[in-house]
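Comments concern the structure below.
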There are 2 protein chains.
Amino acid sequence: MRTTERNPLTPAARRVLAVASELFYTRGINTVGMELVAEEAGVTKKTIYDRFGSKQRLVVAYLRGRDERWNDFLTSRVEAHEDPVARILATFDALGEWMDRENERGCAMVNAYAELSDPEHPGRTVAEEQKVRLRELYRELAAETGATDPGALGDTLAMLHEGAVVGRNVTGIADAAATARNAAGALLRAHGVDA
Amino acid sequence: MRTTERNPLTPAARRVLAVASELFYTRGINTVGMELVAEEAGVTKKTIYDRFGSKQRLVVAYLRGRDERWNDFLTSRVEAHEDPVARILATFDALGEWMDRENERGCAMVNAYAELSDPEHPGRTVAEEQKVRLRELYRELAAETGATDPGALGDTLAMLHEGAVVGRNVTGIADAAATARNAAGALLRAHGVDA
DNA sequence: TTGTGAGTATACCGACCGGTGTGTTTACCT
DNA sequence: AGGTAAACACACCGGTCGGTATACTCACAA
């Protein structure tokens with residue numbers, strides 16, 4: 001575990017993380033062995049364990065990285081607008097784009113939460129934190145609109161957001177994000193917001 | 001695979017299925033080995049393979065059984081009401097009760113979908129079918145209310161339903177079902193339904 | 001009474017799992 | 001020229017995976 005948070009990854013470590021992220025996401029964390037990761041990254045297992053220390057840590061790095069990428073994307077989309085209503089609607093547009101681009105296997109955090117049943121696994125915390133952060137984002141945005149009961153509105157939007165991912169991925173609702181966006185508008189109006 | 005759909009399970013097979021269902025749900029399908037299932041059921045592996053043929057089939061039996069239990073529960077709650085609006089709201093009450101009682105690890109179908117990455121695994125179909133059935137239920141109930149655009153309303157309610165499960169389980173929204181129920185009422189009114 | 005189905009016990013299979021140890025090569029920095 | 005970090009190759013560890021084989025006991029029913 002020579003790898004700390006600040007100093008950058010070595011080239012091989014970066015390759016390992018990229019490959020592992022792809023494999024863990026598309027085939028599942030428990031299904032993918034370290035030997036396969038090493039092979040696909042053109043690296044020996046030794047190198048992986050020298051850089052990451054354990055599979056658990058590699059999994060955490062994968063989840064953190066993916067969380068960060070999504071969060072950066074979402075934040076940039078939200079901050080592109082001033083009006084709080086537009087900011088809320090932008091989250092659903094961002095979700096739709098993201099799902100079209102790189103979510104063909106559903107939410108990585110929800111999947112990891114399902115796979116990592118051991119309550120001690122630090123990967124669970126990463127997933128929980130991501131969801132809590134999303135909830136708080138919606139609660140803050142709801143408050144900015146001056147809605148009546150912004151807490152309930154924020155929670156509702158967060159649930160709609162999560163439901164759109166499952167709806168798109170498992171249920172097969174093709175336009176899930178757009179439908180959720182429309183619903184968000186209706187919910188805003190129901191909470192006394194001009195939308 | 002002597003076990004077909006109609007003839008009842010032998011006592012040992014019933015025990016195996018019960019134990020496997022509990023273990024698969026709480027610890028995850030890939031995490032639980034057949035040896036553990038055998039041990040916990042007080043049965044030898046031989047017996048399991050004589051009755052179920054393979055782990056894959058045991059997993060499918062688990063998913064089907066759980067799906068059936070949930071579906072029976074939900075259906076009974078819906079059919080207890082005449083008014084379509086009451087029927088819709090009843091689904092969220094049912095969900096809340098179910099989650100309090102036996103959903104401390106989230107939706108078994110969504111979890112299985114995350115774990116079973118092999119697209120050929122028949123367990124995936126069970127999960128997909130359950131989600132599609134839920135979507136169709138909401139679409140039919142929405143149509144019964146005479147709502148404008150019952151398709152979109154139904155899809156929205158289905159997503160809200162799924163989001164409540166994730167919200168409750170991962171995000172930690174304690175009253176997720178109640179919040180979703182309130183949101184469903186608002187969405188109904190937004191679609192021109194008296195609710 | 002003689003099968004037959006259900007279940008038991010135990011040993012085994014090849015494959016793979018996460019992880020470690022030893023020693024070597026490469027490349028850059030001073 | 002010497003030092004150091006990174007990556008290499010390769011062999012190995014104990015343990016578990018899903019699944020199979022053999023042989024035995026028991027209850028019940030024709």
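Just the heavy atoms: all of them, side chains too, but no hydrogens, waters or symmetry mates, feed the values below. Chain letters run A, B, ... following the sequence lines, proteins first and then strands; every chain starts at 1.
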Does any pair with a residue in [range] pass ring pair (Phe, Tyr, Trp, His ring centres under 6.0 Å), and if so which ones, sequence neighbours excluded?
range                       : result
residues 82-111 of chain A  : A:W70-A:W98, A:F73-A:W98, A:F92-A:Y138
residues 8-36 of chain A    : A:F24-A:Y62
residues 172-195 of chain B : none

Next item on the list: Summarise how protein sits on nucleotides 20-30 of chain C as a single string, 5' to 3': B when a protein heavy atom is under 4.0 Å from the base, S for sugar-phosphate-only contact, - for no contact.
Entry: BBB--------
Margin query: Whether B:K46 and B:D50 form a salt bridge (side-chain N of Lys/Arg under 4.0 Å from carboxylate O of Asp/Glu) is what I want to check.
Written below: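 So B:D50 pairs with B:K46 through a salt bridge.
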Check: Any salt bridge between B:R133 and B:D67, counting N to O under 4.0 Å?
Finding: yes
Length of the line joining [X]:[atom1] and [N]:[atom2], which is rounded to integer Å:
X     : N      : atom1 : atom2 : answer
A:R27 : C:dC16 : CZ    : C1'   : 15 Å
B:L58 : D:dG19 : CG    : P     : 10 Å
B:E39 : C:dA9  : CD    : C1'   : 14 Å
A:R14 : D:dA6  : CZ    : C1'   : 13 Å
A:R57 : C:dG18 : CZ    : P     : 17 Å
A:L9  : D:dA5  : CG    : C1'   : 15 Å
B:D50 : C:dA9  : CG    : C1'   : 14 Å
B:I48 : D:dT20 : CD1   : C1'   : 14 Å

Notebook entry, point to check: DNA chain C: A:E35 or B:T47, which has the more 5' nearest nucleotide?
Noted result: B:T47
Next item on the list: Hey, which sits more toward the 5' end of DNA chain C by its nearest nucleotide, B:A12 or A:T31?
Entry: B:A12
Under 3.5 Å, which donor-acceptor pairs do the side chains of residues 11-23 of chain B form with other protein atoms, sequence neighbours left out?
residue: B:R15; atom: NE; partner: B:A41; partner atom: O; Å: 3.2
residue: B:R15; atom: NH2; partner: B:A41; partner atom: O; Å: 3.4
residue: B:R15; atom: NH2; partner: B:G42; partner atom: O; Å: 3.3
residue: B:S21; atom: OG; partner: B:L17; partner atom: O; Å: 2.7

Margin query: With nearest nucleotide decided by heavy atoms, which residue, B:L36 or A:G42, maps closer to the 5′ end of DNA chain D?
Written below: A:G42
Next item on the list: Mind checking A:V32 for me? I need base, sugar-phosphate or nothing, with any heavy atom below 4.0 Å counting as a touch.
Entry: sugar-phosphate
Note to self: Could you work out, with side chain to side chain donor-acceptor pair (under 3.5 Å) as the rule, every residue matching A:E39, not counting sequence neighbours?
What the structure shows: none
Next item on the list: Please determine, for the side chain of B:T10, which listed nucleotide (C:dG18, C:dA6, C:dT8) has the closest atom?
Entry: C:dA6
Note to self: From the set C:dA6, D:dG18, D:dC8, return the single nucleotide nearest to any side-chain atom of B:M34.
What the structure shows: D:dG18
Notebook entry, point to check: Taking OP1 and OP2 of C:dG7, is either one under 4.0 Å from a side-chain nitrogen or oxygen of B:R51?
Noted result: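 Yes, because at least one side-chain N or O of B:R51 sits under 4.0 Å from OP1 or OP2 of C:dG7.
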